[in-house]
Amino acid sequence: MSGHDSKYFSTTKKGEIPELKEELNSQYKDKRKDAVKKVIAAMTVGKDVSSLFTDVVNCMQTENLELKKLVYLYLINYAKSQPDLAILAVNTFVKDSQDPNPLIRALAVRTMGCIRVDKITEYLCDPLQRCLKDDDPYVRKTAAICVAKLFDINAELVEDRGFLESLKDLISDNNPMVVANAVAALAEIQENSSRPIFEITSHTLSKLLTALNECTEWGQVFILDALSRYKAADAREAENIVERVTPRLQHANCAVVLSAVKMILQQMELITSTDVVRNLCKKMAPPLVTLLSAEPEIQYVALRNINLIVQRRPTILAHEIKVFFCKYNDPIYVKMEKLEIMIKLASDRNIDQVLLEFKEYATEVDVDFVRKAVRAIGRCAIKLERAAERCISVLLELIKIKVNYVVQEAIIVIKDIFRRYPNTYESIIATLCESLDTLDEPEAKASMIWIIGEYAERIDNADELLESFLESFPEEPAQVQLQLLTATVKLFLKKPTEGPQQMIQVVLNNATVETDNPDLRDRAYIYWRLLSTDPEAAKDVVLAEKPVISDDSNQLDPSLLDELLANIATLSSVYHKPPESFVTRVKTTAQRTEDDDYPDGSETGYSESPAHPADGAASPPTSSSNVPYAGAKQPAPAPASPQPAAPVPDLLGDLIGLDNSAIVPVDQVSTPAGPPLPVILPASAGHGLQISAQLIRRDGQIFYSLLFENNSQIPIDGFMIQFNKNTFGLAAAGPLQVPQLQPGTSAATLLPMVLFQNMSTAPPNSLLQVAVKNNQQPVLYFNDKISLHVFFTEDGRMERGSFLETWRSLPDSNEVSKDFPGIVVNGVEATLDRLAASNMFFIAKRKHANQDVFYFSTKIPRGIPFLIELTTAVGTPGVKCAIKTPNPEMAPLFFEAVETLLTSY
């Protein structure tokens, strides 16, 4: 549509569908074209215009290319919900695939590939076969992509009809864009196939290398990615391939450059000549440096990839360290990545330059960046033995500026330097001790205490220094307490005089009797027994020579590094994680999308609307979340994750003060039978429309599970939904797409929800006010209840030590308790399983009198923890629940959730 077509989105007419129907059947071409534009506009903002299917299809018989494209777009969107009517369009598709105009031939075959209806798939084969051998390269390259789409719908059909062979033949095509699309399609098919489909041979290799020089930039990316998976037969062949690919390093597109680098790095593993390798390293440096002059976002991606490259081939950028110096206006994420790479490239030759930079960074205003810069100085000292003294000098200079967080970071890294170079730089301890009073961070305190304990014999007043920490022993974090315990034992073993003897008694008593931390208590008992039975053995254990620590700047495992280097220029190389850790390869065709990007850049991405059954009936939904027993042992299949799209207008207006801004398209999920949903709006109050609904959690996503039942005498369509402001800011993640409901039928849907969009300023409560509208009835209002356990997140499990530390750190005023006299816990294991299924995780259990005390942890969004203590006698009525949380005002909601979880089985 052109820029003047916004008027089609702003219609306010009543009875819009009948008027559109009339215009679509007009005898005037312009009127029909405008009507189709209005239909597409309505479809774009989420209105259900599927009832106009027949009328829109009738407009296909036209010579007007723009109108034909609009009708095809409509067909792609609604063919799944109207499969029987979609057959009406087949004759036009087949006819268009033989049109004299290559644009229309390509458009027809592309659209047929995007319509995921089995009945149409059968008719697609013959036109596709013709288009793969079409005279026009534009048609051939479109047909190549269509084979990949067809494989996704029906893999057997593609193999039986010989489309794979035709696709492989296109690799020898004389048009480079056809070759690129054929490679893209084969690569896509290979990803979804368990057997080898696309194998590059020496014959196809030369074809691909020839096409590489002539196709568009995205075509080059696909070909380079395919070539990077080819293993050369010997060093000579690898050199020849690299020689042909090297010119791609000069390309203006960053993706082409990174794909070329990936391909060259893979082939370099086979090249034996050191001269050739050295020359290639020199050639790769300038393009990588050029990437750092792009926008910050591209810089970041380039830096993450360079981080991997320099771990394998540091010589590539060994002389280019200056380009990684941070600029004053670099975003923080770019600065952090540059620091990492500078540490990796630091050497005896350039360390003076690097240290000057790090020292400069340590005086910046961004605290996180300053901390990282100070740590970087320490890491350079550990990495380069010859430069260690210079690094320590810089750290001492930084300590003298008396900036608290700089001093604390310096002490942390100096402790590591002492571990790396024992008995070398202890003369600086006196300077460190001067800063003792300023330490307030646990890691800095623990590092300083370690230094005092380790070198107690060289510090005259070591006992006084440790004693100053002991005064606050019970309030210190576990990390500091553990170090204090060990340092005091070291002091006693090195100076067994009266002062240390009294200190060790106090510490051991505090660490065994006064503490709840099992790690601290166990260590204290071991020391106590060692000291009381055999002090010499205690010396051998506590004062044993420690292993020298090593440089951690190349922290990736070699096998992981190999995998990441094979995935340069993908998300994997940005996350520094293998693809399978964050992408689930979905083999089933139902969850695939059609809007894949292909190298020709002209493949329009059509987003497929949710599939609706033709008769409007659907099974009631099931959840694995709000009912604690649902799916605890047999989890439900994961639904396709909803993908965000552009916001759509507020269709319902300002109903009951609603404010719904984050609206994203939604996947319609039809789910198997499960526990019935509670009726929220009975038919008597909904003018014959009955709505059942409930919030549920599935695979880390919150959904609103809805069941619509039409008990009226008229068809109902055009469903829309909005939510009023509420405690969690719940809002619909998209327009509600429900098929037309005929009288006596029902339809179910799972509506993904987003959080913190509609925040209420009122005190926390469980009220969820909902408005639903359709084309036939007035707005329907109803109230639902928010169940807090739906918001329990999957990352709520705590370690015991962390649980105890968090419990102690929260003030007593944050503890709230409630009795549930009527609840009975019959089976411990079954109860723990059910609570775990709702992300309430078991921590520990203890006996108190004749009752069991269970400890659990959970979290709600924004990382708010709940620490729970349940006290009960198994099999006897009565449960007491006590919780501690930073947000005690949420306690009433939490107790409601606990009651639901313990009573709903």
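The chain is numbered in sequence order, starting from 1. All values derive from a computational prediction rather than experimental measurement. What's counted below: heavy atoms across the whole structure, side chains too, no hydrogens, waters or symmetry copies.
- Considering only heavy atoms from C-beta on, V754 stays 4.5 Å or farther from P752 through its side chain.
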Walk me through whether V874 and D852 qualify under side chain to side chain contact (heavy atoms under 4.5 Å, CB included).
CA-CA 7 Å; V874 177; D852 290 311; 3.5 Å; yes
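- In this structure, Y575 places its OH atom where only 12 or fewer heavy-atom neighbours from other residues, nucleotides or ligands lie under 6.0 Å away.
- Between the CZ atom of R697 and the CE atom of M753 there is a distance of 13.0 Å, given to the nearest 0.5 Å.
- Rounding to the nearest 0.5 Å gives a distance of 7.5 Å between CD of E467 and CD of E464.
- For the side-chain contact (heavy atoms from CB on, under 4.5 Å) with V879, the qualifying choice from V898, T872, T871, D819 is T872, the only one to do so.
- The minimum heavy-atom distance linking S581 with P578 is given by the pair OG-O, 2.7 Å.
- Residues E805 and A478 approach most closely at OE1-CB, 3.9 Å, considering heavy atoms.
- The shortest heavy-atom contact between K445 and D440 is CE-CA, 4.0 Å.
- Between the side chains of Y527 and T488, not a single donor N or O lies within less than 3.5 Å of an accepting N or O.
- Taking the six-membered ring for Trp, F866 and F894 have ring centres closer than 6.0 Å.
- A donor-acceptor contact shorter than 3.5 Å links the side chain of T806 to the backbone of S802.
- The environment of R800 atom CZ is sparse: at most 12 non-hydrogen atoms of other residues, nucleotides or ligands sit within 6.0 angstrom.
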With side chain to side chain contact (heavy atoms under 4.5 Å, CB included) as the criterion, how do M720 and N774 come out once you've worked through the C-alpha distance, each side chain's angles and the decisive distance to 0.1 Å?
CA-CA 6 Å; M720 292 174 275; N774 57 62; over 6 Å; no
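- With respect to E896 and K785, a salt bridge is recorded, a charged nitrogen being found less than 4.0 Å from a carboxylate O.
- In plain terms, the two heavy atoms of P886 and I864 that are nearest each other are CD-CG2, 4.4 Å.
- Looking at T858, its side chain does come within 3.5 Å of a backbone N or O of N839 through a donor-acceptor pair.
- Ion pairing of D812 with K884 is present here, as a side-chain N (NZ or NE/NH1/NH2) and a carboxylate O approach within less than 4.0 Å.
- For the pair R371/Y405, a side-chain contact is recorded, criterion being any heavy-atom separation below 4.5 Å from C-beta on.
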Would I452 and F469 count as a side chain to side chain contact (heavy atoms under 4.5 Å, CB included) here? Give the steps.
CA-CA 11 Å; I452 295 169; F469 287 107; 4.2 Å; yes
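- Comment: R521 does not engage E514 in a salt bridge, judged by the lack of any side-chain N to carboxylate O separation of less than 4.0 angstrom.
- Between R523 and Q481 there is no side-chain heavy-atom pair separated by less than 4.5 Å.
- A donor-acceptor pair under 3.5 Å is formed between the side chain of Q408 and the backbone N or O of E441.
- Atom NZ in K415 sits 8.5 Å away from atom CD1 in I451 (nearest 0.5 Å).
- You'll find the side chain of L901 reaches within 4.5 Å of the side chain of L835, heavy atoms only.
- Remark: side-chain polar atoms of D366 are paired, donor with acceptor, to backbone N or O of D368 under 3.5 angstrom.
- Not one N or O on the side chain of S817 forms a donor-acceptor pair closer than 3.5 Å with the backbone of C881.
- Separating the CD1 atom in I721 from the OG1 atom in T749 is a distance of 9.5 Å, to the nearest 0.5 Å.
- By the 4.5 Å heavy-atom criterion applied to side chains, T900 and S787 are not counted as neighbours.
- Contact annotation: the side chain of E869 never approaches that of I883 to less than 4.5 Å [non-hydrogen atoms, C-beta and beyond].
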Could you walk me through whether L706 and V738 pass the side chain to side chain contact (heavy atoms under 4.5 Å, CB included) test, one step at a time?
CA-CA 10 Å; L706 291 143; V738 177; over 6 Å; no
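- Residue E889 places its CD atom among more than 12 non-hydrogen atoms of other residues, nucleotides or ligands, all under 6.0 Å distant.
- At distances below 3.5 Å, at least one donor-acceptor pair connects side-chain atoms of N517 with backbone N or O atoms of D519.
- Between E443 and R375 there is a salt bridge, since at least one side-chain N of the basic residue sits less than 4.0 Å from a carboxylate O of the acidic one.
- Using cut-offs of 30° and 60° on the angle between ring planes, the pair F728 and F791 is parallel.
- Without hydrogens or angle criteria, N404 side chain to K402 main chain gives no donor-acceptor distance under 3.5 Å.
- Formation of a donor-acceptor pair under 3.5 Å by the S532 side chain with backbone atoms of R529 is found in this model.
- Using bins of under 30°, 30° to 60° and over 60° for the plane-to-plane angle, the ring pair F792/H789 lands in the perpendicular bin.
- Side-chain N or O atoms of N814 include one that pairs as donor or acceptor with a backbone N or O of T885 at under 3.5 Å.
- Taking each heavy atom of P861 and L755 in turn, the nearest pair found is CG-CD1, 3.5 Å.
- Considering CD1 of I868 and OH of Y855, their distance stands at 12.0 Å, rounded to 0.5 Å.
- Here CG of N726 is found 11.0 Å from CD of Q757. Values are rounded to the nearest 0.5 Å.
- Residues E709 and L689 fail the side-chain proximity criterion, which asks for heavy atoms closer than 4.5 Å.
- A pairwise comparison of heavy atoms in D516 and L804 identifies O-CD1, 3.0 Å as the closest pair.
- Judged by distance alone, the side chain of N765 and the main-chain N or O of P763 form a donor-acceptor pair under 3.5 Å.
- Both tests hold for K335 against F369: distance to the six-membered ring centre under 6.0 Å, angle to the ring axis within 45°.
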Evaluation steps, side chain to side chain donor-acceptor pair (under 3.5 Å), between E899 and T903:
CA-CA 6 Å; E899 188 171 14; T903 56; 5.9 Å; no
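- Looking at V374 and I412, their side chains never come closer than 4.5 Å, going by heavy atoms from C-beta outward.
- Note: F723 and Y704 meet the aromatic proximity criterion, with ring centroids under 6.0 Å apart.
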